[in-house]
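First the structure, in the form of structure tokens, and then the observations on it.
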Amino acid sequence: MTPDTSIYLHIPFCNHRCAYCDFNTYANQESMIPDYVNALIQEIKFVENQRVSESASQRDNYSTTELSDYRTIHTVFFGGGTPSLLSGPQFASIMDALRAAFTFTADAEVSIEANPGTVSPEKLAALRKAGINRISFGVQSANTEELRMLERVHDFFTVIEAVSTARKAGFDRQSNGVNLDLIYGLPEQTLQTWQTTLKRVLELHPEHISAYALTLEHGTPFGKWSSKGLLPLPDPDLAAEMYEYAEEFLENNGYVHYEISNWALDHGQRTIDRDSPSKVNGLPSHACKHNLQYWRSLPYLAFGAGAHGYANGYRYSNALRIKTYIERLTNPNSPISNLVFPLSPATVNQHKQTLKDDMSEYMLNNLRLVKAGVVKSDFRSRFGSGLLEVYQKEIEELLVVGLLEKKASENSEAFRLTKRGRLLGNQVFLRFVE
Ligand SMILES: C[S@@+](CC[C@H](N)C(=O)[O-])C[C@H]1O[C@@H](n2cnc3c(N)ncnc32)[C@H](O)[C@@H]1O
Ligand code: SF4
């Protein structure tokens, strides 16, 4: 069976740039939103035309590893930036374009990232009406001082209100639910303020929680202040303690730790894999299906400024700047003659994957799945060769130093990160980089 495809759409607008963030997003550019939405729709139509006009024999001829017809869509993700800055009708027009171009599965997960400071009951109701059924709020912290230092445009009361409004609008357990994003290892953060954040977040009963270690990004205010020694960051041991506390606290409260930075409830009302119940693959029912597509190295199409995609044997990405992106899609003179599916006039980087690239990325991605890990039989059916034929030396060394462990699953053996391996993930991943 060919796997279904996913779609990522990037919305690069924010009210204000948070002090730590280096995502491809721009403040005070909202006047370009109507043209941007139009360009997104042009890009969707263009890529779909390419897909239809290319014969199947032109596809997937480099290896056995790419397997989709790119027609059936089972997840869509509006990421940013702050997608919630778009209006209901703008979302409806993008969703109409997607539905005209692709076939959606009946249980397709359609997610949006939202800043809690940017939603209203009307906006959330319009998003549900447009077909969006999962919402991910950037919460980051429940502590007023921490939120101020991050330069967030909201406080925690706004978060409580936003979640309650989202519930009333129908983002509930019967839909694909609510995710809340958190960051730990923040300046001046203590174990106690982190514990309070987790406790207050659980009081909102989200189906899903993401908790990221703060990354200091070059070129952001946090990056600059830290290089001058002006950022009072917790030491690495304390940051590790925060992570370990989150692991224990969230698991004790019923959240399954299924990816290094992600936890979800398992209520069994949602199917993650058509042919395998969650208990078998170690994935809770409310795991994010869209992100699982990345972690399983499965294909996704990308639309929008700076969006990255992986399809038909290519990894590719689009022009970063909003204006350039719009121009490339709306200028009739844009060069299109050499473009193959899934590339568009907005593509600025493209890499034709080798089998080695795909195998290496497969390891890096699947090892992030802390319970499932890399399953030997899945590796063989994907690549046609045995996991230990390709990576015996790396796996054995990592087993010896206690960063990987072997797990016997029902049908096949798997290898996954140990508790220590989760803290030292980069050391593990480096072993599989070409
Ligand atoms: C693209 S943002 C989308 C959410 C929305 N824009 C907001 O911030 O409310 C996705 C998430 O990435 C995380 N993030 C962004 N920059 C980060 C950094 N430097 N370190 C750790 N996490 C970061 C935050 O948790 C954020 O909610
Ligand atoms: S609102 Fe989200 S995307 Fe925008 S700057 Fe802040 S963290 Fe980054």
Side-chain angles (χ1 to χ4, degrees), residues 5-18 20-50 73 75-87 89-98 101-102 110-115 118 127 130 132 136 138 217-220 290-291 293-294 299-311 314-336 339-351:
T5 304
S6 291
I7 287 181
Y8 176 80
L9 300 108
H10 192 71
I11 311 293
F13 301 93
C14 284
N15 279 342
H16 172 80
R17 283 206 63 130
C18 307
Y20 53 91
C21 179
D22 86 333
F23 282 76
N24 184 42
T25 184
Y26 305 86
N28 304 317
Q29 301 291 326
E30 285 87 334
S31 61
M32 286 201 272
I33 289 180
D35 286 346
Y36 187 78
V37 170
N38 178 37
L40 270 179
I41 292 170
Q42 297 311 317
E43 192 179 23
I44 292 165
K45 287 183 180 161
F46 180 91
V47 170
E48 169 55 2
N49 280 336
Q50 295 285 97
I73 301 302
T75 77
V76 175
F77 196 99
F78 291 95
T82 307
S84 47
L85 291 178
L86 268 55
S87 69
Q90 284 165 338
F91 276 109
S93 63
I94 299 169
M95 289 297 291
D96 285 348
L98 289 174
F102 301 97
V110 185
S111 304
I112 181 175
E113 283 184 329
N115 184 314
T118 64
L127 297 180
I132 296 169
S136 172
E217 304 287 0
H218 186 71
T220 62
H290 183 83
N291 287 337
Q293 191 86 354
Y294 303 154
Y300 51 97
L301 302 172
F303 301 104
H308 288 245
Y310 173 55
Y314 287 95
R315 286 215 179 260
Y316 62 101
S317 63
N318 281 349
L320 292 171
R321 300 205 151 268
I322 299 172
K323 208 157 166 273
T324 316
Y325 173 77
I326 294 172
E327 278 167 10
R328 280 176 166 245
L329 281 153
T330 47
N331 178 353
N333 300 321
S334 291
I336 55 167
L339 292 175
V340 294
F341 172 84
L343 311 179
S344 86
T347 309
V348 289
N349 294 305
Q350 52 177 287
H351 172 70

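Side-chain polar atoms of Glu327 and Thr324 form no donor-acceptor pair below 3.5 angstrom. Side-chain contact of Glu113 with Ser136: a donor-acceptor pair under 3.5 Å is absent, judged by distance alone.
The side-chain hydrogen bond (donor to acceptor under 3.5 Å, both in side chains) contacts involving residues 26-41 comprise Asn24-Tyr26, Asn38-Gln42, where partners must be two or more places apart or lie in separate chains.
Two residues are said to be in side-chain contact when any heavy atoms from C-beta on lie closer than 4.5 Å; Ile44 and Leu98 meet this criterion. A heavy-atom distance below 4.5 Å is found between the side chains of Leu86 and Ile94. At a threshold of 4.5 Å between non-hydrogen side-chain atoms, the residues Val110 and Met95 count as touching. Proximity of Tyr316 to Leu343: side-chain heavy atoms (C-beta onward) are separated by under 4.5 Å at one or more points.
If you take CZ on Phe13 and OG1 on Thr118, they are separated by 14.0 Å, rounding to the nearest 0.5 Å. Between the CG atom in Asn115 and the OG1 atom in Thr82 there is a gap of 5.0 Å [rounded to 0.5 Å].
Ring centroids of Tyr294 and Tyr310 are separated by 6.0 Å or more, keeping the two rings apart.
Under the rule for a side-chain contact (heavy atoms from CB on, under 4.5 Å), the partners of Thr75 that lie at least two apart in sequence or sit in another chain are Ser6, Glu109, Lys289, His290. With sequence neighbours excluded, the residues that form a side-chain contact (heavy atoms from CB on, under 4.5 Å) with Ala39 are Tyr325, Ile326, Leu329.
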